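Every value quoted in this text rests on a predicted model; they were computed, and no experiment measured them. Proteins come first, then strands; the chains are lettered A, B, ... in the order of their sequence lines, and each starts at number 1.
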2 protein chains.
Amino acid sequence: MGRPRYLRVADALRVPILDGALPPGARLPSRAQLARRHEVSEQVSRNALRLLIAEGLVESRPGSGYYVREVPESYRFARTDRFSGSLLRPLAGEDRDTITRPACDRMAERLGIGEGEPLYRTRCVGTAGGAPVAVHTSWEPAVLTHNTTRAPGDADAETGVLERLAAAGVVIDRVVEEVAVLPLTEPEAVLLRLAPGAPVLVVERTHYSGQRPVETSDLVAVVERCRLSYRLSLARTPAGGGPRPDPHR
Amino acid sequence: MGRPRYLRVADALRVPILDGALPPGARLPSRAQLARRHEVSEQVSRNALRLLIAEGLVESRPGSGYYVREVPESYRFARTDRFSGSLLRPLAGEDRDTITRPACDRMAERLGIGEGEPLYRTRCVGTAGGAPVAVHTSWEPAVLTHNTTRAPGDADAETGVLERLAAAGVVIDRVVEEVAVLPLTEPEAVLLRLAPGAPVLVVERTHYSGQRPVETSDLVAVVERCRLSYRLSLARTPAGGGPRPDPHR
DNA sequence: AAGTGGTCTAGACCACTAT
DNA sequence: TAGTGGTCTAGACCACTTA
């Protein structure tokens, strides 16, 4: 009774899609067919299909029909704790580009330095299947590797931050990552070929050496095609020592 | 010309919302008023408003009107590695609810058990400022704590999985979290009071005891209101042992 | 040429809110 | 009681794909 008809029609399609009876690529009945079959108006079948589209299960091809959506291959960012060399797997198909800029107030705060201090900013675009899927932008105080052969631009693309800075005598022992979904802003929108305002997955990451932040970065990733995969160890230190857990309240 | 009318009506509302001329909480013209003002049918103003709702700019209050959405304070989920008692800070304002169900194929796979084996499913809704912000659903093989006082329903809400299962003799030493942004589906949509299809932040988490998965859960969180905060240690275990400094400070 | 999805019009009923 | 949003019906035209 109370349940709106378009939800019932949507249910009738969602079930076979989710259990595989309607596999990806399969064509759904047309609006008119659905309307006849469920004895509803065409608007009702429209609403049902629109809902399934919004849920990401169905796509429409104008002039052709509604189809079960192919699940897009997703790009997985692997993150782990202490046993990992670099939390961020190097992006494939990258064009790395390093420049020197004075710290803006936001970066000065994230890196705990003075505004205007020189930073290396490194940016690269990750692609998968020809399409850009993520933009990674990293900022690092120039003072750390200035006049060494370990500046961001010197290292080859496969070298992680941890190795590079370790070689420069900076030991990274801690990382903080903030994950959020934010509206896409203009500069990244161009690189990702998306409309500004589209939701994107953002990871703000900061590497620390003791109390001191030594590198910070933003990963801006296309929502539909990216996943983060955290693999974390929870084993207590074998020796009976070990301080009590800090639950970060 | 070609631009559909409902997009033009939506534009006419989006501009004043984004530049603050229509502040959060402001009431928009009703469907009928919009239709008259723009000389379109009421369905067109309906479509325009539905688009703005999907964009997260507007909310509807049935019987009352359409309003510019209040931008909510965000809720932070703290995650850490081995020093944390529970990765997921207990949700505030929770209504915990535990039932016993046979494992569906998806859960059987995640938990590495046979389809149909009994599971405890625990669900709670996290709220902030009165509004639901996340749904956490956890699945755990009943065999682990069956006939003990450590089943999910027995523990008080503040006890984390790690402590509870440890008390039942199951030592969790590893966790894998998959973070993605997915379209919201119907069952969670009701709990979160959101439209199905809205993007939500999803964390699929699995706790392991050695190679064996012992608990898995889905956290479905409202995108605009939730952040994940990972604090991870990268320090190698020092050979000498001794009490380790807390790396999360 | 027929079918399809995208859009649009012009009505309607219901449950709910505001007054 | 009047207004509102949510849903629904029964039509229609257009651009596009398919055969």
### Query
Looking at A/Tyr6, does any N or O in its side chain come under 4.0 Å of the phosphate oxygens OP1/OP2 on D/dT7?
yes

### Summary
Result for side-chain contact (heavy atoms from CB on, under 4.5 Å) between B/Leu13 and one of B/Val58, B/Leu18, B/Leu34 points to B/Leu34

### Query
Which nucleotide in the set C/dC8, D/dT7, D/dT9 lies at the smallest distance from any side-chain heavy atom of A/Val44?
D/dT9

### Query
Going by an N to O cut-off under 4.0 Å, is there a salt bridge joining B/Asp11 and B/Arg14?
yes

### Query
Do the side chain of A/Arg31 and the base of C/dG6 come within less than 3.5 angstrom through a donor-acceptor pair of N or O atoms?
yes

### Query
If you look at every strand shown and take non-hydrogen atoms under 4.0 Å, does A/Arg50 touch a base, only sugar-phosphate, or nothing?
nothing

### Task
Look at the side chain of A/Gln43 and decide which nucleotide, out of D/dC8, C/dC8, C/dG6, has an atom nearest to it.
C/dC8

### Task
Take the protein atom CG of A/Asn47 and the nucleotide atom P of D/dG5, then report the distance between them rounded to whole Å.
17 Å

### Query
Thinking salt bridges, do B/Glu215 and B/Arg164 make one under a 4.0 Å N-O criterion?
no

### Task
Specify the separation, in whole Å, of atom CZ of B/Arg46 and atom C1' of D/dT4.
11 Å

### Query
Does A/Arg61 have a side-chain nitrogen or oxygen under 4.0 Å from the phosphate oxygens OP1 or OP2 of D/dC16?
no

#### Entry: N or O in side chain of B/Ser30 less than 4.0 angstrom from D/dT4 OP1/OP2
yes

#### Entry: Atom-pair distance (CG on A/Leu7; C1' on D/dT7), nearest Å
10 Å

### Residue among A/Arg123, A/Arg205, A/Arg121, A/Arg110 satisfying salt bridge (Lys or Arg N to Asp or Glu O under 4.0 Å) with A/Asp218
A/Arg110

### Message
Rounded to whole Å, how long is the line connecting atom OH of A/Tyr66 with atom P of D/dC16?
### Response
17 Å

#### Entry: Separation of C/dT4 C1' from A/Leu49 CG (nearest whole Å)
12 Å

### Interatomic distance where NE2 belongs to B/His38 and P belongs to C/dC8 [whole Å]
13 Å

### Query
For the side chain of A/Ser41, counting heavy atoms from C-beta on, which of D/dG6, C/dC8, D/dC8 is nearest?
D/dC8

#### Entry: Residue-phosphate contact under 4.0 Å: B/Tyr67 side-chain N/O, D/dG5 OP1/OP2
no

### Task
In whole angstrom, give the distance that lies between atom CZ of A/Arg27 and atom P of D/dT17.
14 Å

### Task
For residues A/Val175 and B/Tyr230, determine if any side-chain heavy atom of one lies less than 4.5 Å from a side-chain heavy atom of the other.
no

### Message
Between A/Ser64 and C/dG3, is there a contact of a side-chain N or O with OP1 or OP2 at under 4.0 Å?
### Response
no

### Query
How is B/Arg5 classified with respect to the nucleic acid when contacts are heavy atoms under 4.0 Å: base, sugar-phosphate, or nothing?
sugar-phosphate

### Task
Please state how far atom CD in B/Glu42 lies from atom P in D/dG6, giving the value in whole angstrom units.
11 Å

